[in-house]
Amino acid sequence: MEKAGDGMLIRIPLEKAEPAGDLIQLMEKIYYLSDRITNVSRDERGLTVEYDGMDGEEMAGRLDDLCASLSGRRKLPYRKLRDNRREGGAAGRAKAGAGASSFRERDSEKAKEALVLLEQALVKLLRSRARAHGAALRSYPAMMPESVLRKSGYIRNFPQNVYAVGEFRHQFDTMQEVRSRLRADVPLHNLLQPSGMYLQPCVCYHVYEERSGKRSGPSAGSGSGRLAAGTDTKAETETEGAVSSGPKLTLYSAYGLCFRHEHASRIDDSRLREFGMFEIVYIGGAQEVRDMRMKLLDDTWRLFGQLGLEGYVETASDPFFLPEDTDRRLFQLAAESKFELRFAPGGESASDYAVTSFNVCGDVLCKAFGITGEAEEYRDSGEAGEDGETGQTGKGAPLHSGCTAYGVDRWARALAETHGYEAGSWPQLIREHL
């Protein structure tokens, strides 16, 4: 441990960090030991933690405890499913030539307007492709009741990421006190009361709440529509894998602003506290859900290449931070329940970032929200047609679900980094949707 300006540097040697497992995952967990940790970096010798708190020895001990709690656990390798990176550096940028973006351009007026146009075009493009797959269109509010976050499990797994909405009481004395404090330049926060609402961390939970307690979905969600222009229609209309005769697949799509209280030290151009998310949710039989996940992965991978972007798809896991949740991350990797498409022009580095995730959730969310299939739909599928809570037959079992989530801001940034901020240099598919 050594002094560094107003703070200190705490070193974690490689021989102590490596037994704790995936170093990227370990680095993410370290940030949540204290909000006074300002940076975590790595080199060939190990990890360096920058800390501006007063209790350096205590923090060093907590870092040792974290590494010890994670060491000795089973490790699973990440598996790459797709990779279109080319040797020789950022080939995607080279394709754009002088049109590729530079750091100086990012804050320019042209860049700000270009990112707005790219976002609008991407939402239009993604909506048309979702519609072609048979997804019903939805628009949801940006706020979400606590009951939904509880049922989904989000507030249990990631409480540090939620934004609660406060409100002032509808009464004269509160209104007068607000004005009095404004005149005196006094903080207002302790006049706020909880509203029971939260800013949505993702869009998909609204779909489950809409379907809560229902057994049948919208007729639009057949998942068998024709594909948007620019895709391989024959390949996309053929479902991969075995097809069961179980519950019919229904799809929904929605775009909205999402909010996550990320650690201040982790905020950058690709990790924001407010960002646009386009999601496609699919609900039905287990095999149908997995088939749709792969269909959307293939469709998205083709789109990624058509737009001149470079990167790869690999197995991934959600960022569980508490040590006792490590086994859940390993289960996700082993079951391959989460894939990520990562933008990585010309190579793999710490600056790579995920632009889309492809998730299958089993029956966990449908069970939590009481979404079941009709009993007769299970007749020939081999899936249980029994209520998991009561054991009664004839009611249908909880359905399975999946979600493909596109980080629209990240797609826009990837396009700008690859092709620049001049609309004339953007791929034709994007220009067609401006």
Side-chain angles (χ1 to χ4, degrees), residues 1-73 75-78 103 157-162 201 259-275 314-330 332-333 338 340 342-344 347-355 357 407 409-410 413:
M1 189 163 53
E2 62 187 72
K3 282 286 187 182
D6 295 330
M8 61 192 72
L9 302 179
I10 304 175
R11 313 283 187 185
I12 305 176
L14 202 59
E15 58 267 24
K16 183 182 292 184
E18 281 191 328
D22 186 289
L23 290 183
I24 299 298
Q25 291 281 338
L26 175 60
M27 291 167 70
E28 291 185 347
K29 290 178 186 292
I30 286 173
Y31 278 107
Y32 290 89
L33 291 178
S34 171
D35 57 8
R36 305 307 297 269
I37 292 174
T38 59
N39 190 51
V40 182
S41 57
R42 60 182 287 192
D43 57 28
E44 66 279 0
R45 295 175 299 172
L47 305 182
T48 299
V49 179
E50 298 178 29
Y51 178 65
D52 65 4
M54 301 297 293
D55 49 350
E57 293 294 339
E58 179 183 343
M59 178 51 62
R62 294 181 69 187
L63 288 166
D64 286 344
D65 290 344
L66 176 63
C67 291
S69 71
L70 298 175
S71 64
R73 293 179 181 264
K75 302 180 182 71
L76 289 174
Y78 291 88
F103 181 79
N157 294 324
F158 312 110
Q160 76 281 4
N161 281 355
V162 299
F259 306 84
R260 295 181 190 173
H261 178 231
E262 295 284 0
H263 194 292
S265 298
R266 304 180 73 212
I267 301 296
D268 58 26
D269 288 344
S270 64
R271 187 180 295 275
L272 306 172
R273 287 178 169 171
E274 177 181 340
F275 52 92
E314 71 173 2
T315 53
S317 64
D318 289 315
F320 296 112
F321 294 102
L322 296 176
E324 59 263 34
D325 290 332
T326 299
D327 289 341
R328 299 177 69 186
R329 184 181 72 81
L330 290 174
Q332 283 188 324
L333 286 170
K338 185 182 187 73
E340 281 185 345
R342 301 187 67 86
F343 173 66
E348 188 173 355
S349 70
S351 62
D352 294 355
Y353 51 88
V355 295
S357 65
D409 302 74
R410 291 184 177 184
R413 179 190 170 194

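Note that the coordinates shown come from a computational prediction; the quantities given were computed from them, not determined experimentally. Start at 1 with the first residue, then count along the sequence. Heavy-atom basis, side chains included; hydrogens, waters and symmetry copies ignored.
Side-chain contact check for K338 versus T315: every heavy-atom pair is 4.5 Å or farther apart. Contact check for F158 versus Q160: side-chain heavy atoms found under the 4.5 Å cut-off. Considering only heavy atoms from C-beta on, I10 stays 4.5 Å or farther from T48 through its side chain. Looking at E57 and M59, their side chains never come closer than 4.5 Å, going by heavy atoms from C-beta outward. Looking only at side-chain heavy atoms (C-beta outward), L26 and C67 come within less than 4.5 Å of each other.
No salt bridge links E262 with R260; every basic N to acidic carboxylate O contact stays at or beyond 4.0 Å.
In this structure a side-chain-to-backbone donor-acceptor pair under 3.5 Å is present from R62 to L33.
Across L66, V49, D64, a single residue satisfies side-chain contact (heavy atoms from CB on, under 4.5 Å) together with I12, and that is V49.
Taking every heavy atom of both residues into account, I267 and R273 meet most closely at CD1-CG, 3.6 Å. I37 and V40 get closest at one heavy-atom pair: CG2-CG2, 3.9 Å. Between S34 and H263 the shortest heavy-atom distance is O-NE2, 3.3 Å.
A search for side chain to side chain donor-acceptor pair (under 3.5 Å) contacts involving T38 returns nothing, not counting sequence neighbours. Applying the side chain to side chain donor-acceptor pair (under 3.5 Å) test to D65 and every residue at least two apart in sequence or in another chain returns nothing. Shown here are the side chain to side chain donor-acceptor pair (under 3.5 Å) partners of S357, two or more places apart in sequence or in another chain: N359. Residues satisfying the side chain to side chain contact (heavy atoms under 4.5 Å, CB included) criterion with D55, sequence neighbours excluded, are Y51, E58. E274 pairs by the salt bridge (charged side-chain N to carboxylate O under 4.0 Å, His left out) definition with nothing, not counting sequence neighbours.
In this structure, NZ on K29 lies 13.5 Å from CG on L63, to the nearest 0.5 angstrom. Note that the CD atom of E28 and the OH atom of Y32 stand 8.0 Å from one another [nearest 0.5 Å].
The closest side-chain donor-acceptor pair between R410 and S270, if any, does not fall under 3.5 angstrom.
For residues 30-44, every residue pair satisfying the salt bridge (charged side-chain N to carboxylate O under 4.0 Å, His left out) rule, not counting sequence neighbours, is listed here: R36-D52, D43-R45.
Ring geometry, Y353 versus F343: the interplanar angle falls from 30° to 60°, so the pair is classed tilted.
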